[in-house]
Amino acid sequence: MVQARDRFLSTGTYAPIREVAARLAACAVSEQATVLDVGCGTGYYLARVLDRLPGARGLGLDTSVRAL
């Protein structure tokens, strides 16, 4: 399931949503923030937010051990 999700996400279908979410998050917090992603799955969205906030820390939580 996780591999299938990674393959799907690599197609770029959700890239526009990822970019908007990352832009909004980057505008809302400081460069030194800790960003929490609840239900992060593989960290697809959190990774992009952290790309925009290089001084920030990310914390991803998910109930799926395999996704984490």
Side-chain angles (χ1 to χ4, degrees):
M1 176 93 160
V2 174
Q3 290 174 344
R5 182 159 179 81
D6 278 340
R7 279 194 306 273
F8 174 75
L9 291 172
S10 72
T11 66
T13 302
Y14 283 178
I17 297 169
R18 183 185 193 196
E19 292 304 315
V20 169
R23 181 175 46 83
L24 291 172
C27 290
V29 299
S30 74
E31 288 263 342
Q32 303 300 315
T34 297
V35 179
L36 173 64
D37 184 355
V38 178
C40 66
T42 60
Y44 176 76
Y45 296 100
L46 180 58
R48 186 64 185 119
V49 171
L50 296 176
D51 286 344
R52 287 184 167 254
L53 296 168
R57 286 185 270 181
L59 176 60
L61 302 174
D62 201 294
T63 59
S64 171
V65 174
R66 289 182 183 199
L68 291 172

Can you list every side-chain hydrogen bond (donor to acceptor under 3.5 Å, both in side chains) pair that touches residues 16-27, not counting sequence neighbours?
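Of all non-adjacent pairs touching residues 16-27, those that pass side-chain hydrogen bond (donor to acceptor under 3.5 Å, both in side chains) are Glu19-Arg48.
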Please list all pairs passing the side-chain hydrogen bond (donor to acceptor under 3.5 Å, both in side chains) test where one or both residues lie in residues 6-17, with sequence neighbours left out.
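Residue pairs with at least one partner in residues 6-17: Thr11-Thr13.
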May I ask you to check whether over 12 heavy atoms, not counting those of Gln3, lie within 6.0 Å of atom CD?
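Atom CD in Gln3 is not crowded, with 12 or fewer foreign heavy atoms closer than 6.0 Å.
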With the 4.5 Å side-chain cut-off for hydrophobic clustering, are Leu59 and Tyr45 part of the same group?
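Different clusters: Leu59 never reaches Tyr45 through Ile, Leu, Val, Met, Phe, Trp or Tyr contacts under 4.5 Å.
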Test item: Thr42 and Leu9 side chains (from C-beta on) under 4.5 Å apart, heavy atoms:
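Contact flag for Thr42/Leu9 side chains = yes.
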How close do [X] and [Y] get, heavy atom to heavy atom, and via which atoms?
X	Y	value
Glu31	Pro54	OE1-CD, 3.5 Å
Cys40	Asp62	N-OD2, 3.3 Å
Ala26	Arg52	CB-CB, 4.0 Å

Among Val35, Leu24, Asp37, Val29, which residue meets the side chain to side chain contact (heavy atoms under 4.5 Å, CB included) test with Val49?
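Answer after filtering Val35, Leu24, Asp37, Val29: Val35.
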